[in-house]
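Worksheet: the structure to be examined is printed underneath.
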Amino acid sequence: MMSQTSIFYFLLFQLTILISQPCQLFLTHAAGGRWQLLQKSVGISAMHMQLLNNDRVIMFDRTDFGKSNLSLPNGKCRNDPNDAALKIDCTAHSVEYDVLSNTFRPLMVQTDVWCSSGAVMPDGRLIQTGGFNDGERRIRVFQPCSNGNCDWVEVENGLAGRRWYATNHILPDGRQIVIGGRRQFNYEFYPKNGAPNLYSLPFLVQTNDPGIENNLYPFVFLVGDGNLFIFANNRAILFDYSNNKVVKTYPVMPGGDPRCYPSTGSAVLLPLKNLQAPSVEAEVLVCGGAPKGAFTQAGKGNFVGALNTCGRIKITDPNPQWVMETMPQARVLGDMILLPNGNVLLINGAAAGVAGWGWGRKPVLNPVLYRSDNKFGSRFELQNPTTIPRMYHSTAVLLRDGRVLVGGSNPHIYYNFTGVLFPTELSLEAFSPAYLDPENSSLRPKIVLPGSQAKLKYNQKLEVRFTVAGTVRKDKLSVTMVLPSFTTHSFSMNQRLLVLGSEKVTDLGKSTYAVQVTTPGSGNLAPLGYYLLFVVHQDIPSDGIWVHIQ
């Protein structure tokens, strides 16, 4: 037997080994966050999601699944002689989910919205573009309302090109750009403004893997200089869309593995800070995906393990280079959501396979938190798992109260609930990050002024009043603005977060404080439209309020 002295030195030795390990090992074994089942079924599988400025989330899947589990109201039926599954269909394939009341109602789309794209216009209308079959050139408009009477309005031949698996981004002038799609190596604008409306983009030809593609749903972000960062397959360009000109070509991501659909990783533009600087730094994070050849192997029944790496690049550097990081888990078909405090949530997906009917394996049930401001090697933190696999065609969006709404998952040609590895999923869940834990409630600010739906202008001095229990740590206080995303197929289009900082903090008494900030200076940083504004104190965000940059 060991003596007490021997035991002491043995334990000391073990502790020394533990302390010497990188911080990442501590973080990846941490866990946080809580899950809540909101609805066992909303009748459809939430393949596409968008939060609107009335706290409703618009969801839709596709019309050629056959019947959904939700009837259209008042005996309405969709009559579509071109539909591949059902010519007359009296069920819904889109819903409006009311976050505050946890209720939903059916909406009606006429043509097929499968694998489409979208963005919210500056006036709050959701513009949804393209789809499959008779929907591939359609534009659909949803005007938010509070009386429950609004529904989709369709515009026939609203697009110049057929858009299936395309990406949309809102521009500084309020237009949308629609980029790519299957066999579409070009882009166009909405609205058209009378100009020629189809422009060639050779980069999409260069990134197209024959027979596989790997450049669908490209990752697109607006940068502070007004250009677009476009990532497809395994590389990226900085693109001047006004002059149809490539401004910069970025290095291929180390390893050369594909990250876009159907290899399906995800990406975010990391929080934009120091917004009053002459040049605002921008960084992009691309995570997960599938190795080269994984799509071909999946077609043969061999489901290759997903990538476990992220690439991070400062795209505004004169000589930008990728920095590679290792995630706690490999992930394909996942989503990346910006949280109000600037952290990134990696959620949903699988550990093997690719996008395609039944081609995902090994569901990844644990979300992962990525703390972008932490030092390299200590940024990932494993979160508590869900019990519901969210595979191909799953989605996630940030809500105004700081929760993340999660839905969808249908790896099948039709709705299929039995006799399959991963049944069609019609449920909705909410993931509450640890900042919503009850023990953090005393640190959580509550915004008093301005009121929700406040109208803002660029480069405006803004006073935000809030209450919080205890003493405010002024060095741990900031105000952030989040542009809600259109999320589908593992990419949250238009998602961006701006850190307004805190120029001056005043104690007004009775646990009330005022923080002065300056709004972004231009539409290059913050395109016109509705944003969620949060006060963040010691990493704990308030409920958001809606603000409208006009």
Side-chain angles (χ1 to χ4, degrees), residues 49-58 99 118-122 124 126 169-170 221-222 224 266-273 275 280 282-285 335-347 369-373 395-406 430-433 435-436 444-445 447 450 452-456 458 462 464 466 477-487 491-502 515 517-520 523-537 539-549:
M49 275 195 200
Q50 171 75 57
L51 173 68
L52 300 180
N53 69 290
N54 58 357
D55 291 312
R56 267 75 158 185
V57 178
I58 304 302
V99 176
V120 173
M121 298 298 283
L126 173 58
H169 204 298
I170 196 76
F221 303 107
L222 176 67
S266 190
V268 291
L269 176 69
L270 292 175
L272 299 173
K273 305 174 184 178
L275 303 182
V280 177
E283 287 188 89
V284 167
L285 180 71
D335 290 285
M336 294 172 69
I337 303 299
L338 289 167
L339 299 179
N341 59 7
N343 293 333
V344 182
L345 188 72
L346 286 73
I347 198 166
L369 200 64
Y370 179 86
R371 300 182 184 274
S372 58
D373 287 340
T395 47
V397 294
L398 175 70
L399 300 178
R400 185 167 60 84
D401 58 14
R403 293 178 300 163
V404 174
L405 181 68
V406 179
F431 177 73
S432 296
Y435 55 59
L436 293 174
R444 195 166 198 218
I447 296 175
S452 198
Q453 307 292 332
K455 294 176 174 57
L456 303 181
Y458 291 124
L462 176 67
V464 180
F466 63 96
L477 182 72
S478 65
V479 177
T480 63
M481 284 173 44
V482 179
L483 186 62
S485 64
F486 179 95
T487 300
F491 183 51
S492 294
M493 303 176 195
N494 301 294
Q495 181 179 221
R496 66 200 294 116
L497 185 148
L498 302 111
V499 181
L500 306 188
S502 57
V515 55
V517 297
T518 303
T519 61
N524 291 348
L525 293 173
L528 297 167
Y530 286 91
Y531 289 74
L532 290 170
L533 184 140
F534 300 88
V535 172
V536 181
H537 179 229
D539 223 27
I540 312 295
S542 65
D543 277 1
I545 62 167
W546 286 103
V547 295
H548 190 195
I549 296 185

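Quick note: residue numbers are just sequence positions, from 1.
Considering only heavy atoms from C-beta on, Asn53 stays 4.5 Å or farther from His548 through its side chain. In this structure, Val397 and Ser485 have side chains that are in contact, with non-hydrogen atoms separated by less than 4.5 Å. With a 4.5 Å cut-off on side-chain heavy atoms, Leu528 and Met121 do not count as touching. The side-chain heavy atoms of Ile347 and Val406, taken from C-beta on, include a pair separated by under 4.5 Å. With contacts defined as side-chain heavy-atom distances shorter than 4.5 Å, the pair Tyr531/Val482 does not qualify. With contacts defined as side-chain heavy-atom distances shorter than 4.5 Å, the pair Val99/Val57 qualifies. Counting heavy atoms from C-beta on, the side chains of Thr480 and Leu533 never come closer than 4.5 Å. Taking the side chain as every heavy atom from C-beta outward, Leu483 and Ile170 approach each other to under 4.5 Å.
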Does Leu275 form a side-chain contact (heavy atoms from CB on, under 4.5 Å) with Leu498? I'd like the steps, not just the answer.
CA-CA 8 Å; Leu275 303 182; Leu498 302 111; 3.9 Å; yes
As a quick check of understanding, evaluate side-chain contact (heavy atoms from CB on, under 4.5 Å) for Ile549 and Met481, giving each step before the final call.
CA-CA 11 Å; Ile549 296 185; Met481 284 173 44; 3.5 Å; yes
side-chain hydrogen bond (donor to acceptor under 3.5 Å, both in side chains) between Ser502 and Ser478: does it pass, once the steps are laid out?
CA-CA 5 Å; Ser502 57; Ser478 65; over 6 Å; no
Go through the steps for Asp335 and Leu346 under the test side-chain contact (heavy atoms from CB on, under 4.5 Å), then give the verdict.
CA-CA 6 Å; Asp335 290 285; Leu346 286 73; over 6 Å; no
Does the side-chain contact (heavy atoms from CB on, under 4.5 Å) test come out yes or no for Val547 and Tyr530, once each step is laid out?
CA-CA 6 Å; Val547 295; Tyr530 286 91; over 6 Å; no
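A donor-acceptor pair under 3.5 Å is formed between the side chain of Gln495 and the backbone N or O of Met336. At distances below 3.5 Å, at least one donor-acceptor pair connects side-chain atoms of Ser542 with backbone N or O atoms of Val535. Counting only distance, with no hydrogens or angles, the side chain of Arg403 and the backbone of Asp401 share no donor-acceptor pair below 3.5 Å. A donor-acceptor contact shorter than 3.5 Å links the side chain of Tyr458 to the backbone of Ala526.
Rounding to the nearest 0.5 Å gives a distance of 9.5 Å between CG of Leu345 and CG of Leu398. Atoms CG and CZ, from Leu51 and Phe486 in turn, are 13.0 Å apart once rounded to the nearest 0.5 Å. Considering CG of Asn341 and NE2 of His537, their distance stands at 13.5 Å, rounded to 0.5 Å. Taking CZ of Phe466 as the reference point, atom CD1 of Ile545 lies at 12.5 Å (rounded to 0.5 Å). Once rounded to the nearest 0.5 Å, the distance linking CG of Leu269 with CG of Leu338 reads 7.5 Å. Distance check, rounded to the nearest 0.5 Å: OH of Tyr370 to CG of Leu270 gives 6.0 Å.
Side-chain polar atoms of Asp55 and Trp546 form a donor-acceptor pair below 3.5 angstrom.
Less than 6.0 angstrom separates the ring centroid of Phe491 from the ring centroid of Phe221.
Contact detail for Asn524 and Arg496: the closest heavy-atom pair is O-NH2, 3.6 Å. Across every non-hydrogen atom of Asn494 and Gly118, the tightest pair is ND2-O, 3.6 Å. Taking both residues in full, the closest heavy atoms of Leu126 and Ala119 are given as CD1-O, 3.7 Å, listed atom of the first, atom of the second, then distance. Summarising the geometry of Pro433 relative to Gly402, their closest heavy-atom pair is CD-O, 3.6 Å, with the distance given to 0.1 Å. The heavy-atom pair separating Pro340 from Leu497 by the smallest distance is O-CD1, 3.8 Å. Of all heavy-atom pairs between Asn343 and Ser372, the closest is OD1-N, 4.3 Å.
Asp373 has a carboxylate O that lies under 4.0 Å from a charged side-chain N of Lys273, or vice versa, which qualifies the two as a salt bridge.
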